[in-house]
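These notes are about the structure you will find just below.
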Amino acid sequence: RSRRQRQMCIRDSCNTASVDVYWVNFICGEVFIDSVAPGQGTVIDSYASHPFRVRHSATGALLLEIDPLTPGDHSVEVL
């Protein structure tokens, strides 16, 4: 990976609901990346400048906003 590339692991620790992960593009639109089932996780390769949003799969409710990543790999847990 280049110096600007980052890796992020998202884990859904909620017992009842799946979550959807979206990359927020440069015009603030959401681009679907992956769904994560309860108790499961996903690894996302990205870049330092990319923010993300995590939404409840069934309702679309915003659960978490993830700021652009700093140097190093990251792990995010959705509770």
Side-chain angles (χ1 to χ4, degrees):
R1 289 187 313 218
S2 77
R3 291 183 340 186
R4 290 189 40 80
Q5 288 180 305
R6 303 288 181 261
Q7 190 173 67
M8 176 175 54
C9 176
I10 294 181
R11 179 168 173 76
D12 182 1
S13 293
C14 179
N15 293 327
T16 59
S18 293
V19 298
D20 293 333
V21 180
Y22 296 86
W23 165 58
V24 180
N25 66 21
F26 302 105
I27 57 171
C28 296
E30 293 181 352
V31 178
F32 176 78
I33 299 295
D34 201 359
S35 268
V36 184
Q40 300 299 308
T42 189
V43 174
I44 299 167
D45 289 319
S46 186
Y47 291 89
S49 61
H50 290 183
F52 291 87
R53 290 186 184 135
V54 178
R55 293 189 175 274
H56 188 282
S57 292
T59 67
L62 181 63
L63 301 174
L64 182 64
E65 289 207 54
I66 303 169
D67 292 330
L69 303 176
T70 56
D73 294 340
H74 297 269
S75 180
V76 176
E77 192 161 0
V78 180
L79 303 174

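When a residue number appears, it is its place in the shown sequence, counting from 1. Please read all numbers here as calculations on a predicted model, not as lab measurements.
Placement of Ile44 and Leu62 in two distinct hydrophobic clusters is found when ILVMFWY residues are connected by side-chain heavy-atom separations under 4.5 Å, directly or transitively. Under a hydrophobic clustering in which Ile, Leu, Val, Met, Phe, Trp and Tyr are joined whenever their side-chain heavy atoms come within less than 4.5 Å, directly or via other members, Val43 and Tyr22 fall into different clusters. Under the 4.5 Å side-chain heavy-atom criterion for ILVMFWY residues, no single connected hydrophobic cluster contains both Val24 and Val21. Transitive grouping of hydrophobic side chains (ILVMFWY, heavy atoms separated by less than 4.5 Å) brings Leu64 and Phe52 into a common cluster.
Listed here is the closest heavy atom pair of Ser35 and Ser57: OG-OG, 4.1 Å. Nearest heavy-atom pair, Ser18 versus Pro38, reported as atom, atom and distance to 0.1 Å: OG-CD, 3.5 Å.
Taking CG of Asp20 as the reference point, atom CD1 of Ile33 lies at 11.0 Å (rounded to 0.5 Å).
Here Phe26 pairs with Trp23, His50 under the ring pair (Phe, Tyr, Trp, His ring centres under 6.0 Å) rule; sequence neighbours left out.
Using a 4.5 Å cut-off on side-chain heavy atoms (C-beta onward), Ile66 and Val54 make contact.
Among pairs with a residue in residues 47-61, those fulfilling salt bridge (Lys or Arg N to Asp or Glu O under 4.0 Å) read Glu30-Arg53, Glu30-Arg55, Arg53-Glu65, at least two apart in sequence or across chains.
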